[in-house]
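Working notes, beginning with the structure itself.
Keep in mind that this is a model prediction, so the values were computed, not measured. These numbers come from the heavy atoms of this one structure, side chains and all, not from hydrogens, waters or symmetry mates.
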Amino acid sequence: MLLAYGASRMEACNPIAREALRLALTPVINQMSVIGMIAIPGMMTGALLGGAPVDQAAYLQMIIMFMISSATALASFFAAIAVIIVTVDTEHRIRPDRIDDQAFVLWRARKWLVQQIVSLFEDVYAKFKNKTYAYGHRRVNEEEEREMLITSRTPISPFAPP
C-alpha cells in the first residue's frame, strides 16, 4: 500500500522487516534473559570444573552469548534486506515472479520419498494379493473366478495340484 503512495521499497517494507526481525530474534533474547539464573551453559561449567575463577567463566560465557546473539541478529538483518531487494525491484514494484511459492526443497524431497515408499508397498501388496500359488497349490484369483462363471467351466479346486 505504501508503494502506491510513493514510498521507497525500504520504507514500504519496514513494518514487515521489523516483524520478521522480532520473530527471528525472540528465541535468542529469551535465551539471554535466563542465561545466569536458570541455565549454566557448557562452556561456563567446563571452565568452572577446569579451575577457572567464577567471574572469568561468567565473563567468557557472556562474550560467547553476545557473539551468538550478534551473529543471529546480523544474519536475520541481512536476510531481511536481501528478501526486500529481491522481491521489490529498483522501480519500486513488487515482483511476484521472483517469489517461489513451492514447498521447501526438503519437504518436496520428503514427499517424493514417502510416495516412492507407498508405491513400493502398494506394488508388493498387489503382487501378494494376486499371487496364484499358495503353499504350493494353485489358488483361483477373482478374475479367473469371474471368467469361469461366465464361461460356466468347472472351477478348479484351490487345493488341486498345479
Side-chain angles (χ1 to χ4, degrees), residues 1-134 139 141-144 146:
M1 183 75 172
L2 295 174
L3 286 173
Y5 290 124
S8 70
R9 60 179 166 180
M10 293 301 175
E11 292 170 345
C13 296
N14 191 8
I16 298 169
R18 282 186 185 203
E19 182 67 16
L21 289 174
R22 185 185 66 80
L23 289 174
L25 296 178
T26 298
V28 176
I29 293 171
N30 288 340
Q31 184 181 9
M32 286 180 57
S33 66
V34 297
I35 197 72
M37 297 183 301
I38 298 170
I40 300 176
M43 185 181 149
M44 184 172 174
T45 305
L48 289 174
L49 291 175
V54 176
D55 58 342
Q56 184 181 8
Y59 180 70
L60 290 173
Q61 186 59 45
M62 284 191 304
I63 289 173
I64 294 297
M65 284 307 300
F66 288 140
M67 289 174 66
I68 292 172
S69 302
S70 63
T72 303
L74 286 173
S76 302
F77 177 75
F78 286 127
I81 295 296
V83 166
I84 291 170
I85 289 171
V86 168
T87 57
V88 181
D89 64 4
T90 56
E91 299 295 323
H92 306 297
R93 296 175 298 196
I94 297 175
R95 299 291 304 265
D97 58 323
R98 295 181 182 176
I99 299 171
D100 186 15
D101 58 348
Q102 291 183 349
F104 184 57
V105 67
L106 292 178
W107 296 339
R108 289 190 312 238
R110 181 188 64 185
K111 183 178 178 181
W112 177 83
L113 184 64
V114 167
Q115 288 174 345
Q116 296 300 315
I117 291 172
V118 167
S119 68
L120 176 72
F121 279 117
E122 286 174 348
D123 292 345
V124 168
Y125 177 72
K127 286 180 183 177
F128 177 74
K129 183 179 176 184
N130 293 332
K131 194 170 184 181
T132 56
Y133 291 98
R139 183 174 69 194
N141 62 21
E142 294 173 11
E143 295 170 3
E144 283 182 293
R146 188 178 305 119

Shortest non-hydrogen contact from [X] toward [Y]:
X   : Y   : value
A24 : T72 : O-CG2, 4.4 Å
I85 : R9  : O-NH1, 3.5 Å
L48 : A57 : CD2-CB, 3.9 Å
M32 : S69 : SD-OG, 2.7 Å

(message) Under a 3.5 Å distance rule, please check whether E19 uses its side chain to pair with a backbone N or O of I16 as donor and acceptor.
(response)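 Checked: no pair found.
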(request) Say whether, by atom type as modelled, one donor and one acceptor occur between the side chain of R95 and the main chain of T87 under 3.5 angstrom. (result) no
(message) Is the shortest side-chain heavy-atom distance between Y59 and D55 below 4.5 Å?
(response) no
(request) Drop me the distance from E122's CD to Q115's CD, to the nearest 0.5 angstrom. (result) 10.5 Å
(message) Measuring from atom CD of Q102 to atom CH2 of W107, what distance do you get when rounded to the nearest 0.5 angstrom?
(response)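 Reported to 0.5 Å precision, the distance equals 13.0 Å.
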(message) Run I81 and F77 through side-chain contact (heavy atoms from CB on, under 4.5 Å) and show every step you take.
(response) CA-CA 6 Å; I81 295 296; F77 177 75; 3.9 Å; yes
(message) Surrounding CZ of R18 (heavy atoms of other residues, nucleotides or ligands, distance under 6.0 Å), is the total greater than 12?
(response)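 No, not enclosed.
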(message) Counting only heavy atoms not in I94 (residues, nucleotides, ligands), do more than 12 fall under 6.0 Å from its CD1?
(response)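 Atom CD1 in I94 is not packed in, count stays at 12 or less.
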(request) Would you please test I84 and M10 for side-chain contact (heavy atoms from CB on, under 4.5 Å) and show each step? (result) CA-CA 7 Å; I84 291 170; M10 293 301 175; 3.8 Å; yes
